[in-house]
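Structure first, then comments.
Here is the naming used below: chain letters follow the sequence lines, and residue numbers restart at 1 for every chain. Everything quoted here is computed from the prediction, not taken from an experiment. Computed from heavy atoms alone, side chains included, the values below leave out hydrogens, waters and symmetry copies.
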Amino acid sequence: MDHHQHRRRLYNTHVKLLAFDLLSLLQTPSHSSSDPISFSRKGALLSRAETVGTVTSRELKPSKFLKFTIDDGTGCVGCVLWLNHLASPYFARRSPSDVRLIAEAANRFAAEIRLGVVARVRGRITSYRGTVQITVSDVVVERDPNAETLHWLECMNLARKCYDASGL
Amino acid sequence: MQDPKVLTVAELLRLGRPLTATNSLHSPDRARPLSPKLSVLKYQRSKPSCRPPSPPGPTGSNPNPKLLTPLNYPAIIVGTLTLPTNDSAFAPNPTLCCPYNNCFRFSDTSATICCDIIDLDLRILGKEIDVLAWNFVPVKRGAGFLEIIKWGFPQSSGGLGRCSNVDLFPLVSGSSSSSEDSSKARYRIHGLLESVSPVTLDPCYMGLNSSTPVNLRGFLLQVMACECKLCTCKTTAMALNDSIQEQGRSRSHSYNKAWFVYFCGSASSWHPVFMKLIGNAITLLGLKKKLIYFNKEESHLMYVTTEKSTLHLPRLSNNRVPCERSVIKGKGECGSYKGIIRGVYMQGMVVELDNEVWLLLTDHIISQPHSLRVGAIISVRNVHFVNPRFSWKKMLILGACFKTNIIVEAFSPLEAGCHTVSQSESMLGKFVASLAFSARLWVLLLISCLRKKFAGTISEKKILGTKHKGLAQVYASLHLPTSVFLSRHGVFMETFKHNHCGCGSELYSDTLKLVIPISCFFHHCEATWMRILQLKSDCKKLCENNLFSLQSCEGRLYDRSVRKILTSDDIGIILLGSLKISPSSGRLQLVDVTGSIDVLIPDLPSTWNANSIYEIIHYRLVIEGAPNLVDHLGLLDNGPFSCRSIFQRISPAREINLTVYIYFHWAEVTCKNLPFYPSIDWKDDLKKLEGGTFHLLYVTHKFPVPYKVHGDPAIPDRSSLYVEALVLPWDLYFVEEGLVNLEKVSGEQLEECPEHSANENYERVSLKRRKSDHALIEASSSGVMLEFCKSSSELSARSYSSSQSNEEPRCCNSNSYEISCLVTVRGVNGNRAVSSGIMHCTRLNLNTGGSCRSSMQKVLLEFKSESFIKYQLLQIGGHYITRHHRDDLFCNFKAVGGVKVHVTSETHLWSLSYASDGVIPEKNSSYYPTLNSFFRNNEVLSEDQIELQVSTQNSLRTCSDVHLCIPAHLIGLFEENIKGLEEGLAKATLTTKELANASLSIGSPNCLFPEGKFSSLQGQVVSVHSTDDSSIDVLLSHENSDAPQSRSFQRTIHSFCIHVLVDNHVVRIFGSLNKHAYPIGFGPGTYATFHRVLELGSKNGFMLTPVTYIVINSISAVSEPCSDSYPSFQPLRDVYSNASPDTVSSGQFSELSQCSDCKPMRFHCRVVAIHILVLEKVKYDGLPSKDVSRPPVFDIPLACFVLDDGSSSCRCWANAKRASTMLRLHEKLPQRAFESSDWTQKWAGIDDNACSSAIHHLERIFKNHDRITVKNFGSMFDSSYQDLAVSTSSDNGLSALDESLLKFMILNASFSSSWTVIASVIDLKAVWQLGKEHLTEMEMTVDAMQNICAMEVCYTNPIADGRNMIQELLNS
């Protein structure tokens, strides 16, 4: 595997990183137009992440976005869930029924994000005012309190076996 | 500040509501100054309404007592605190709640009530005070109780003068003219107040010569006096002054000489004062010394109060001597305890402090403060610490004796009522008081249990007893060893000779077993189950491997439950109840008012009485459940079993997720012919048998109980049960002499009823056995047998002599024979009766054996609901007799086909066994089946196994009602004939018509029968698992919090695959069976006989049919859900053997590229997108479906998901069932999806769970379509950016709504939680092949993404997987 491939091996994967790790990702300007900033951790490029934690803040701009914070015990990750699908030109080229489905799903996620719930959030890693945040693609509210612990363990396990593995 | 409102006592009484008033506290100028040390405590007390001292915990009557309602305005009460006066006993005041005239009084102009006060200052006695902070608790109508938290002197009074001689309090007020010699009253005593006895009314003889006793009220005070020079100084005045000065140096005193002071007459009204002074230093002046005789022998020199006696409280010694802290040994030693009252039960006789600390106040004479309410902080002095060492619960008992004093340190802020003990002592009360402390608690628990168990069925009077002993006392006396009975000596003796009266030396009561309500028993089982799994670290062991409870059959994983068998000795609980048949499940249950538990009794006599109360001391408890249930149970609001739960009101039994049942032998049961029930007249049972003719039946098959689906029109509400039987051509006649009662089993004579249990109504009629009694019983039982043999041989001799020939069967006519025999009838109580009888054969030529088919008839016995119990008692392969009636169908066979006989409640069926008389002398013969099987079960079988059917050769002889003893030389003939007959017909299967009839009445209407042969097989059940979609099972565990939804799935009938080990060979039995149709105990680890299963084409395949009847032969404990112990068990297809739980290790997708072998691995991952999905309508070609309950409408021949586990993504190919799991087809679609979309209009009002699942919609869609393909042309890494193209095979495409719904389902699947997937790598070629099979064009994207094939899919179990991962992290 050449160096370039190795750098990108985690690019499309939803990496499970603890908040402190996620927040300390290296941000560098990217040449890509869609992602003005790229993120890397120990040389590996990352674009997607998954986090599990308690929802500690919630700010809703109806039909625009929901901003919330996930606290996983090691830090707080800001998350933004866009709710503007129907109005955004970004989705204009897709079929209206598909956009509506996605918009409905997003609205459902927004309703599920309540203060105090433990949420599993997946999305793209983005940056807002210099801080790493997650642009949310989906949300699962975890009912089992052990889910959070399992996530920590998975983070540790993945870090040990996959993310920190040498080869760069 | 607002001026406080002055309330009167009468106003409070009129209100009749519990109240607290603390607002007035905030006027500091009015309050009396507080010492800094106490102020902290007082602050806490002063704000009860806003902050209770601590959470009060549950209470007796009300588990969540409210805080006392605070008055929202400052209110004070102005009145006078006085001592109780004797005269009130003669003119009872209705506003006083106190029956024992022992507490402070508070009076204002309007009324007088009982009161209690914290930090009593004796100077306020008799003076008007302002009560600034108080609680008022109404006691009964028009009466109440005042708790004075804080008081002050009215401003006008100016408080207490500094110089007033306030420290001396005359004990008898206003008495100056004394006839007594004042020179005698010259003694003084100074010391620490150690204890105060209860107030008694004793007949006193004044002087040795007086003959008429005077009832004198009084109490004893124990003072630890100091004998230093100062204190013993006889000059009162000087000593007093000195001693006052001495106070500062009080430590120089050594209080070590115990003296008693008898307060009698009017001085006895000081009792409440001294209760407050316990632990303080006091000085009593003006006492006289007197020799007091308790009886003729015992006398004691003590101080006695006189009319001149005064109490002096050293001003500075207001500090109570703190309680000594000592190590609690629990052997009855005395000590002090301080705690918060958590509950007051049994009219105040039991007070719960802290966690499982029980204060016993059973002596009625011990006056409890009214303020002994839930939430109060009390300290108990001179109480006996007893660790009862009960086997069923750890606890500490605080036993109160006459020296025990309870001091309320802080009043309860809760609305808990106060209890008052009635002054009259009941018979039961006396009984309880005569016991050691641990036994007292046991009896109180027993009383509480019995009241709950029989509430509404047995009156309280009968349980508690009035003039006669109640049930509780009778029962208790039978179980209590004589050692726990104490002789009581009265207050005086026990106070003086405290250490010699026995209450200080407590014997362990570890043999006392508890009787508890059945609902509590379930909670206990749940707690026990958790403890076992946790303590024995089974759980840890099981959970080390993530797949601890999973086994593989055709690659499917399924749960296996763990079964534990406990003996009653481990549990320490006695079961008491009546035996009933459950109307819903048809199972035999032990029932009380609170609940019911399934029971297995292999030797239940048909003559048992449903109205009797049975006591089961020796039994086995079987608990079954999934091991991971521990995690869920732990999350439930499920406190461990406690005595509190017995004293408290019983909460309605909630459904527990464990299967719990008990197993015992009838011989172990003690039938309590309780005094209020008509005793069972065994003669009645036996009379039914006397005389007449009886038909002999042989049961060939039982048709199973149909499961009643609520509201299912296919099964009528009042359905019948059927049993197929043969009427054998033998009739039994009793000869005229009738039944002769044998002596009762001599085992009962082993019983030595305790001295205190003499009750002639109360018969113990069965063996009560302890392990040490083994030898005895063995000896005695052989004695019984010998005795019995003797009588039986006598009888048989008699009967034979009466018959003309005992060499050959009598030949009455050309085709009829008679055999004389001895008939033994077993009664329900173990009693036996014998008679001689004749077996008469009419319709058969004996010499032809069973060849003559027309001579016997097959009947279908029909049981309506009222005779379901009779159905339960019949066993396949068993012989039964039933009385011949003139018109009965058993002998009037006209039709050649079967006859249906309706078994009514009048019809009686007795089980029958037979043996040759030659075998009687053998001790181990089955002649005495009860004892015989009893020994078998206790000696031969292991602790972890219970046997339900004792099979001797081909005949079942568990325990028969009627036993025939046939002459040795004739039994051969009889046996051969019977066997020949049975073999001739037992194998005969039902005709098609009968089967159809049976299936109509029993089975589900839409099932199809494949052709095949019925057969029976017996073997060990290795595993049972559902063959329905596994997602249902995972759904159940995943959606645990969503109870209503889970239930809807539980209701459905599942298809099962049962692996049975028959002769070291595993066979599989398929079929659909409702959970309720399983016999109890069915599951892995049981030996079972499957009657009438259908042989399928393959050698190892069988099928359950609606007529299949499963009989459990034995049940074993299962603690290791691994297949290691069954070496011959191999999954049928080798490819899956790789997936056995032991070999599957967890892995990551990023490691797949390095994997050269195709070993399956376990992944935790989530669906990101779908790659391709093909759905097809299922076309039935007439072949029977394995899933008879709900044939699938569509299939998923091809499905590929993109999974992401955090290390990489990969494509996962899945078969129909796994795909439907990952597509979440059985889950309810999010309700919001319907609310906000166009679908709402179309399917408005759909709220049923089943209808809102995706599968329901797909089934609807497939009514019009044959094949639907969905491909994702968009992102494989972002759920929201999938570009899903839906195409159908037919010309008419999907409607826009359906397409939208389908896409929604796929999105919903992409947004699911984590899955645990077991999968192995498949190469591109295989993928290509797979695609070609189902798709005409298959685009292959060449990328780095790996392909895997899913073998198992289930939702991640966070706790089990978490444990596993910790282990992995620690090991790596």
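- When all heavy atoms of Arg122(A) and Ser1310(B) are compared, the pair lying nearest together is NH2-O, 2.7 Å.
- Shown here for Ser1209(B) and Asn12(A), the closest heavy-atom pair between the two residues is OG-O, 4.1 Å.
- Both the backbone and the side chain of Ser137(A) come within contact range of chain B, with heavy atoms under 4.5 Å apart.
- By the 6.0 Å contact criterion, CZ on Arg94(A) is enclosed, its count of non-hydrogen atoms from other residues, nucleotides or ligands being greater than 12.
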- Task: Kindly indicate, with the supporting measurements, whether the criterion side-chain contact (heavy atoms from CB on, under 4.5 Å) is fulfilled by Arg1166(B) and Glu50(A).
- Result: CA-CA 11 Å; Arg1166(B) 294 181 66 192; Glu50(A) 178 171 327; 3.4 Å; yes
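- In terms of heavy-atom pairs under 4.5 Å with chain A, the best-connected choice from Ser1208(B), Ser1207(B), Ser1150(B) is Ser1207(B).
- Residue Glu148(A) does not touch chain B at all, counting heavy-atom pairs closer than 4.5 Å.
- In this structure, Glu1151(B) does not pair ionically with Lys161(A), as no charged nitrogen and carboxylate oxygen lie closer than 4.0 Å.
- Using a 4.5 Å cut-off between heavy atoms, Leu10(A) touches chain B through its side chain atoms alone.
- Using a 4.5 Å cut-off between heavy atoms, Asn157(A) contacts chain B through both its backbone and its side chain.
- Only the side chain of Ser1279(B) comes within less than 4.5 Å of a heavy atom in chain A; its backbone stays farther off.
- A cation-pi contact, defined as under 6.0 Å to the ring centre and within 45° of the axis, is absent between Arg100(A) and Phe1304(B).
- Ring geometry for Tyr1281(B) versus Tyr90(A): interplanar angle over 60°, hence perpendicular rather than tilted (30 to 60°).
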